[in-house]
Chemist: 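Take a look at this one; I'll ask things after.
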Amino acid sequence: MPQRTFSIIKPDAVRSGHTGAILAAIDQAGFRIVAIKKESISIRQAQGFYAVHKERPFFADLCAFMASGPLVLMVLEKDNAVADLRQLMGATNPANAEEGTIRKRFASSIQENAIHGSDGEDTAAFEIGYWFAGYELI
Ligand code: ATP
Ligand code: MG
């Protein structure tokens, strides 16, 4: 089976109308969308998702931002999905992101950076299980 990764179109990108363009970029890069849902999440749900960052100074702001409006949760599949999605996203800070990447095109700041992608295979497994039930991934 090809590798799976987890992604979020973050509230800034949904709010500014970039959902369709980001989905098109993901599609053009050869990912299969295994599962997708638009939701508004609570601060508690964001805290659980970003628990690895709980000691970082930006944690509270980050969780408030993720709960600030609807976002799009996705499970994506292709060979080398984890690394290929990170490349398509570009650097965390859009000022450092390569030309043509999703963050270069659509992100406005290091926090409001349009998209999330799992940073490893283990992280992807945790994140997929956090947001999706088994029956949603058939
Ligand atoms: P993500 O995990 O969302 O895919 P990433 O792996 O590129 O992004 P992380 O270091 O895991 O970056 O940080 C998680 C998120 O926290 C970032 O995407 C960004 O929204 C926010 N963030 C990271 N660093 C900062 C910072 N210095 N100031 C404000 N927000 C930050
Ligand atoms: Mg990360």
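Quantities reported herein were computed from a predicted structural model and do not represent experimental measurements. All values below were derived from every heavy atom in this structure, side-chain atoms included, with hydrogens, water molecules and symmetry-related copies excluded. As the structure lists them, so they are numbered: ligands from 1, and atoms in each ligand from 1.
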Chemist: Determine the interplanar angle of the Phe58 and His53 rings, folded into 0 to 90°, and report it as parallel if under 30°, tilted if 30 to 60°, perpendicular if over 60°.
Modeler: tilted
Chemist: Among all protein heavy atoms, pick the one closest to atom 4 (O) of ligand 1 and tell me residue, atom and distance.
Modeler: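 Of the protein heavy atoms, His116 ND1, 2.9 Å lies nearest.
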Chemist: Nearest to atom 22 (N) of ligand 1, what protein heavy atom do you find, and at what distance?
Modeler: Phe58 CE1, 3.6 Å
Chemist: In the protein, what heavy atom is nearest to atom 8 (O) of ligand 1, and what distance, to one decimal place, separates them?
Modeler: Arg103 NH2, 3.2 Å
Chemist: Could you tell me the residue and atom name of the protein heavy atom closest to atom 6 (O) of ligand 1, and the distance to it rounded to 0.1 Å?
Modeler: Arg86 NH1, 2.9 Å
Chemist: Please state which protein non-hydrogen atom is closest to atom 3 (O) of ligand 1 and give its distance, to 0.1 Å?
Modeler: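 In this structure, atom 3 (O) of ligand 1 has Lys10 NZ, 2.9 Å as its nearest protein heavy atom.
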Chemist: Can you sort out which atoms of ligand 1 are near Gly117, meaning under 4.0 Å from one of its heavy atoms?
Modeler: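 The atoms of ligand 1 under 4.0 Å from a heavy atom of Gly117 are 4 (O).
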Chemist: Phe65 and Tyr130: same hydrophobic cluster, using ILVMFWY side-chain contacts below 4.5 Å?
Modeler: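 Yes; Tyr130 is reachable from Phe65 via cluster members.
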Chemist: If you measure from each non-hydrogen atom of Glu127 to ligand 1, which part falls under 4.0 Å: side chain, backbone, both or neither?
Modeler: neither
Chemist: Measure Ile110 to ligand 1 on non-hydrogen atoms and call it side chain, backbone, both or neither using the 4.0 Å cut-off.
Modeler: both
Chemist: Under a plain distance cut-off of 3.5 Å, with no hydrogens placed, do Thr5 and Arg86 share a side-chain donor-acceptor pair?
Modeler: no
Chemist: Run the contact test for Met89 against ligand 1 with a 4.0 Å cut-off on heavy atoms, strictly below, and give the result.
Modeler: yes
Chemist: Just to verify, what does Lys37 make a side chain to side chain donor-acceptor pair (under 3.5 Å) with, not counting sequence neighbours?
Modeler: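 Once residues adjacent in sequence are excluded, the partners of Lys37 under the side chain to side chain donor-acceptor pair (under 3.5 Å) criterion are Glu136.
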Chemist: At what distance is the nearest protein heavy atom to atom 20 (O) of ligand 1, and which residue and atom is it?
Modeler: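 Checked against all protein heavy atoms, atom 20 (O) of ligand 1 sits closest to Gln111 O, 2.9 Å.
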Chemist: Hey, mind stepping through Lys38 and Leu71 against side chain to side chain contact (heavy atoms under 4.5 Å, CB included) and telling me if it holds?
Modeler: CA-CA 6 Å; Lys38 185 176 181 183; Leu71 41 69; over 6 Å; no
Chemist: Does Met66 have a heavy atom less than 4.0 Å from any atom of ligand 1?
Modeler: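 No; Met66 lies far enough from ligand 1 that no heavy-atom distance drops under 4.0 Å.
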Chemist: Less than 3.5 Å between some nitrogen or oxygen of Thr92 and one of ligand 1, yes or no?
Modeler: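 Yes: some nitrogen or oxygen of Thr92 is under 3.5 Å from one in ligand 1.
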Chemist: Walk me through it: do Ile128 and Leu137 pass the test side chain to side chain contact (heavy atoms under 4.5 Å, CB included)?
Modeler: CA-CA 9 Å; Ile128 290 168; Leu137 301 171; 3.6 Å; yes
Chemist: Can Lys78 be said to sit on top of Phe31's aromatic six-ring, NZ or CZ under 6.0 Å from centre and within 45° of the ring axis?
Modeler: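 Cation-pi check for Lys78 and Phe31: passes.
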Chemist: Check whether any heavy atom of Phe65 sits under 4.0 Å from an atom of ligand 1.
Modeler: no
Chemist: Counting only heavy atoms, which portion of His53 has something under 4.0 Å from ligand 1: side chain, backbone, both, or neither?
Modeler: side chain
Chemist: Once you measure the plane-to-plane angle for Phe106 and His18, does it fall in the parallel (<30°), tilted (30-60°) or perpendicular (>60°) bin?
Modeler: tilted
Chemist: Classify the angle between the aromatic ring planes of Phe6 and His116 as parallel (below 30°), tilted (30 to 60°) or perpendicular (above 60°).
Modeler: tilted
Chemist: Going by distance alone, is a donor N or O of one side chain under 3.5 Å from an acceptor N or O of the other, for Gln3 and Glu77?
Modeler: no
Chemist: Write out the residue and atom name of the closest protein heavy atom to atom 17 (C) of ligand 1, then the distance separating them to 0.1 Å.
Modeler: Asn113 ND2, 3.6 Å
